[in-house]
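A quick write-up on the structure given underneath.
Each ligand, and each atom within it, is numbered from 1 in the order the structure gives. Bear in mind that the values here come from a model prediction, so they are computed numbers and not experimental data.
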Amino acid sequence: MKKNLIGSEYRLGILGGGQLGRMFIQEAISYNIHVHIMDNNKKAPSAASANTFTKGDINNYDDVVAFGKNLDTLTVEIENINIEALYHLEKNGVNVFPQPRVLEIIKDKGLQKQFYKKNNIPTSDFELLPSNPDRSILAKKIPFVQKLRTGGYDGKGVEVIKLENDLKNMFQEASITEELVPFTKELSVIVARNENGETAVYPTVECEFNDVNLVEFLFSPAQITSEVENKAAAIAIDVINKLEMVGLLAVELFLCENGDILVNEVAPRPHNSGHHTIECNVTSQFEQHLRSILNMPLGATDMTQFGAMLNLLGSDGYHGQAIYEGLFDVISIKGVHIHLYGKEITKPNRKMGHITIARKSMDETITLAKDIKHLIRVITA
Ligand code: ADP
């Protein structure tokens, strides 16, 4: 029989100690659930708020098994982990959500794309490339996008090849090539599924990325037609059902000029494009993740306010003890919510926190987001 979930004796673990785990713990506290964290960095953002913190390497088989074997449920906040260890734990009765089978597909962009094609999920055409690819035969494919099969994140591991001269920038590791999609917007849909197969989908959001591929602005809801909204939601539900995944899934989409929607990639966990749900939706993505992996009823996803989110990134030229210039000016504005991630040291483009703007009108929200961007900087003393 399952243990009573609502009780501190329930053992829930997370592999990875970053800000996603930290915000997840804030929600788990409301359910009396103790969260145990493993990360190699003792100063990781969620270390101080975890019930227990274990120092260990999430890519090391023995470390993951030792951490997971006494847990009731194990989840992740990053895909780049030791999957073999997760299979072992699953076989030995630990609930591992998302399932290792799903993580194995998502961790490898080649397997991910093959999964979409096999399951009739719309995505751009692609090819698998071996390591040390023959660049001369790739010239005829220009323009295209090259992506590392594993290990990439936040645009690291993505190379856009538009000119013959760009071929020299190509990765040598195993990769995929994708056709360059001339999208008009980048959309994201968060969807959750529990063990009963119940699903819940959030309103679609749109993201603007900066020149190093980090989310610069997120707006909720996306400014799209209801037809596109319905199509995006249907695709997200289709993906999570076809994966038969338990947990929270962020589905990143490209909207094309003709209204077509293509899946770019998915992330099987709370995601940067869902941070606004803390203030702007009935149930936050973190609470929804908790509900989905513990097979609770899923929460309502409706918007309660219009939202914008901007990441607080370390400013260029600053490396050291972080200070948040302009913080007081920004939090004195109605509807502005601050989330700092507990990282002591700033460096250029490091995600140090985020700000959510929650207001009653979309126009107001957009204007405020653009203004606030210039009011706050992460720098050093
Ligand atoms: P990561 O996993 O590192 O976030 P993504 O696959 O999301 O990498 O790619 C990062 C960004 O590169 C996307 O947000 C998008 O702007 C651009 N991009 C990725 N794939 C394509 C593509 N096939 N065509 C055009 N732009 C792309």
Is it the case that more than 12 heavy atoms not belonging to E164 sit under 6.0 Å from its CD atom?
no
Taking only heavy atoms of L180, which atoms of ligand 1 are found under 4.0 Å from at least one of them?
24 (N), 25 (C)
Taking atom NZ of K156 as the centre, report whether more than 12 heavy atoms of other residues, nucleotides or ligands fall under 6.0 Å from it.
yes
Which one holds for V160 and ligand 1: side chain close, backbone close, both close, or neither close, with close meaning a heavy atom under 4.0 Å?
neither
In terms of atom number and element, which parts of ligand 1 are under 4.0 angstrom from non-hydrogen atoms of N264?
5 (P), 6 (O), 7 (O), 20 (N)
Which protein non-hydrogen atom lies closest to atom 21 (C) of ligand 1, naming both residue and atom, and how far is it?
F254 CZ, 3.6 Å
With the side chain counted from C-beta on, respond yes when P268 and E79 share a heavy-atom pair under 4.5 Å apart, and no when they do not.
yes
Can the ring centroids of Y10 and H34 be said to lie less than 6.0 angstrom from one another?
no
Got the closest protein heavy atom to atom 11 (C) of ligand 1, with its distance?
N213 OD1, 3.3 Å
Could you tell me, atom by atom, which parts of ligand 1 come under 4.0 Å of a heavy atom of E179?
22 (C), 23 (N), 24 (N)
Give yes if a backbone or side-chain nitrogen or oxygen of S124 is under 3.5 Å from a nitrogen or oxygen of ligand 1, and no if not.
no
Determine, considering heavy atoms only, which of E178, E159, E252, K147 sits nearest to atom 19 (C) of ligand 1.
K147
Considering the heavy atoms of K109, write down every atom of ligand 1 situated less than 4.0 Å from one of them.
1 (P), 2 (O), 5 (P), 6 (O), 8 (O)
Flag: protein heavy atom within less than 4.0 Å of atom 17 (C) of ligand 1
no
Test the K42-F53 pair against the cation-pi criterion, namely NZ or CZ under 6.0 angstrom from the six-membered ring centroid and within 45° of the ring axis.
no
For atom 3 (O) of ligand 1, which protein heavy atom lies nearest, and how many Å away is it?
G155 N, 2.5 Å
State the atoms of ligand 1, each with its element, that fall below the 4.0 Å cut-off from a heavy-atom position in V181.
22 (C), 23 (N), 24 (N), 25 (C)
Does a salt bridge link E206 with K185, judged by any charged N lying under 4.0 Å from a carboxylate O?
yes
For atom CD of Q172, decide whether the heavy atoms of other residues, nucleotides or ligands shown that lie under 6.0 angstrom number more than 12.
yes
Return the orientation label for the Y341 and H354 ring planes: parallel under 30°, perpendicular over 60°, tilted otherwise.
tilted
As a quick check of understanding, evaluate side chain to side chain contact (heavy atoms under 4.5 Å, CB included) for N82 and I58, giving each step before the final call.
CA-CA 6 Å; N82 191 299; I58 59 175; over 6 Å; no
Report the nearest protein non-hydrogen atom to atom 22 (C) of ligand 1: residue, atom name, distance rounded to 0.1 Å.
V145 CG2, 3.6 Å
Can you tell me the protein heavy atom closest to atom 9 (O) of ligand 1 and the distance?
V158 CG2, 3.6 Å
Which of the listed options, E208, E265, E186, holds the heavy atom that is closest to atom 4 (O) of ligand 1?
E265
Would you mind checking if R193 and E198 are paired as a salt bridge, meaning a charged N to carboxylate O distance below 4.0 Å?
no
To the nearest 0.5 Å, what is the distance between CG on L89 and CG on L71?
8.0 Å
Give the numbers and elements of all ligand 1 atoms closer than 4.0 Å to a heavy atom of Y153.
3 (O)
Quick check on F183 - does any of its heavy atoms sit under 4.0 Å from an atom of ligand 1?
yes
